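Following: one structure in structure tokens, then a few remarks.
Naming: A, B, ... by sequence-line order, numbering from 1 per chain. What you are looking at is a predicted structure, and each value in this text was computed from that prediction instead of being measured.
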Number of protein chains: 2
Amino acid sequence: MSLPHMSESTEMYLKAMAELGDHPVAIARLAERLGVTPVSANEMMRRLGEQGLVTHTPYKGVTLTEKGREAAANVLRRQRLWEVFLFEHLKIEWAKIYEFACSLEHATAPEVTEALAAFLGNPKVCPRGNPIPDANGGFEPLGGRSLRETAVGKTVRVRAVNATATDVLKYLQDKGILPGQTLKVLEAAPLDGPLTLSVNGKEVALGLSMAEFVIVE
Amino acid sequence: MSLPHMSESTEMYLKAMAELGDHPVAIARLAERLGVTPVSANEMMRRLGEQGLVTHTPYKGVTLTEKGREAAANVLRRQRLWEVFLFEHLKIEWAKIYEFACSLEHATAPEVTEALAAFLGNPKVCPRGNPIPDANGGFEPLGGRSLRETAVGKTVRVRAVNATATDVLKYLQDKGILPGQTLKVLEAAPLDGPLTLSVNGKEVALGLSMAEFVIVE
DNA sequence: TGAAATAATAAGGTCAGCCATAATATTTTT
DNA sequence: AAAAATATTATGGCTGACCTTATTATTTCA
């Protein structure tokens, strides 16, 4: 409660960058994920750059600075702790917790964050399977690889779902593609076409951009 | 998740009006409570008037319309449910829960509100002693009268504290003026000077503007 | 009733975070 | 290497919720 409070918008950009994993991130991808125009995302990256949160190498993408990485870890911590609360205690539908937790996240002071963590028993992962950074920004990156790159014929276990859009989460939920679920890749259509999976004895079609956000082991 | 989302600022104005009790409310008092200039509050009241949330009678004050009253009850419900959660489950210090709950309130969707209410066991009052409106906006107004108007010599019980500023709440907390506490009015200084109270065997001075927000029975 | 206090309105300004459009720069593909 | 695609920068606009500084209207009080 002293730092020049980070705006909601700033938090969303930092979070998106952290969620998109290893950098650098193309500004266009950020814009897409955040639902703004590339021009707006560019402007914002200039502002974040001035604040020392990101580094922008034109035509290459943006990278979180150490300061930015810490800030992002903080945001992710709040986000994911709320996800745990909403899912475990309020029994909110899995597909909706991301969106609801996102709103709450922006409104959460450090003192509340830590009290919440204690209340929840300091969980290490959120219901989507993503790790929860510790209070100091410590963060074991999520291992495993994307379902997108999984060879046809392999049987894998879903470790985490990195999607954030409610409709995408809803689709995955309906098809049973949730953390812990075992599934098999039956087919990969040519021309970057969808994967066909076997989940719980049912065949499920999954586009590559969705498969990208399913982390398996 | 469908209505043209009410801005945070709008919610603050509605909440302040509801908290200030029976109407009409002078715009200057609203401005004071919200920490904005009277001119800004005036502008805002024009906007809320256009949205049909308040009625403004120039030189008399503003009143919530039925629509405004319902919206305000909704805001108060969220606010006070979060207060219960923060106090009962997260063990946040009493004086701070209002402020923290206020941030969370703005970020809470109806579905989350109702799940939270169920989780908390549908409490009827918040830790400050104020009633929690039901899901339909139903609201039994807080009985009792202000400590300000309590006769010298009387012994009363604190039913609720209607203050919202953290420093004020902190002062009351430090002096033990909390819901359920019994206290006696020892003296009322002239010229609208402070009250002297006996609380827990200690003498406590309390200015009238603070006493105003202590509801007793 | 006239002065003082209070309330309302008007006019113009700021700021963050968006937008669109257009021009320019770079990279990728053919 | 030229064409196409993508990224960046420039310019100008918009909105909500504030602000300040007048000016005007009304109410309250001596």
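- For the pair B:Arg80 and B:Phe139, the cation-pi criterion (under 6.0 Å, within 45° of the ring axis) is not fulfilled.
- A cation-pi arrangement, defined by a distance under 6.0 Å to the six-membered ring centre and an angle within 45 degrees of its axis, is absent between A:Arg159 and A:Phe213.
- Of the residues near DNA chain C, B:Ala28 and A:Arg47, the one whose nearest nucleotide (by heavy atom distance) lies more toward the 5' end is B:Ala28.
- The side-chain contact (heavy atoms from CB on, under 4.5 Å) test applied to A:Ala28 returns no partner, not counting sequence neighbours.
- Side chain of B:Thr57 to backbone of B:Lys60: no donor-acceptor contact under 3.5 angstrom is found.
- Atom C1' of nucleotide D:dG16 and atom CE of B:Met45 are separated by 14 Å, given to the nearest angstrom.
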May I have the list of side-chain donor-acceptor pairs in residues 38-49 of chain B shorter than 3.5 Å, sequence neighbours left out?
residue	atom	partner	partner atom	Å
B:Ser40	OG	B:Thr37	OG1	3.0
B:Arg46	NH1	B:Glu50	OE2	3.3

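- Nucleic acid contact class of A:Thr37 (heavy atoms, under 4.0 Å, all strands): sugar-phosphate only.
- Rounded to an integer number of Å, the gap from B:Met44 CE to C:dA8 C1' is 18 Å.
- Of the side-chain N and O atoms in A:Asn42, one or more sit less than 4.0 angstrom from OP1 or OP2 of D:dT9.
- Contacts of A:Arg46 with the nucleic acid, taken as non-hydrogen atoms under 4.0 Å apart, are absent.
- In this structure, B:His56 reaches the C:dA8 phosphate: one of its side-chain N or O atoms is under 4.0 Å from OP1 or OP2.
- Between A:Glu212 and A:Ser146, the side chains place no donor N or O within less than 3.5 Å of an acceptor N or O (distance only, hydrogens not considered).
- In terms of phosphate contacts, B:Tyr13 brings a side-chain nitrogen or oxygen within less than 4.0 Å of OP1 or OP2 of D:dC18.
- Regarding A:Glu50, its CD atom lies at a distance of 13 Å from the C1' atom of C:dA16, rounded to whole Å.
- The nearest whole Å value for the distance from the CZ atom in A:Arg29 to the C1' atom in D:dT6 is 14 Å.
- Per the geometry, CD belonging to A:Glu43 stands 13 Å off C1' belonging to C:dC15, to the nearest Å.
- Here the C1' atom of nucleotide D:dT15 and the CD atom of B:Gln51 are 14 Å apart, to the nearest Å.
- Crowding of A:Arg29 atom CZ: a count of heavy atoms from other residues, nucleotides or ligands under 6.0 Å not exceeding 12.
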Checklist outcome for this item: Each nucleotide of nucleotides 22-30 of chain D classed B (base within 4.0 Å of a protein heavy atom), S (only sugar-phosphate) or -, in 5' to 3' order, makes ---BSS---
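- For C:dC19, one of the phosphate oxygens OP1 or OP2 lies less than 4.0 angstrom from a side-chain nitrogen or oxygen of A:Ser40.
- Taking atom CD1 of A:Ile27 as the reference point, atom C1' of D:dT9 lies 11 Å away to the nearest angstrom.
- Between A:Ser9 and C:dA16 there is no side-chain N or O to OP1 or OP2 distance below 4.0 Å.
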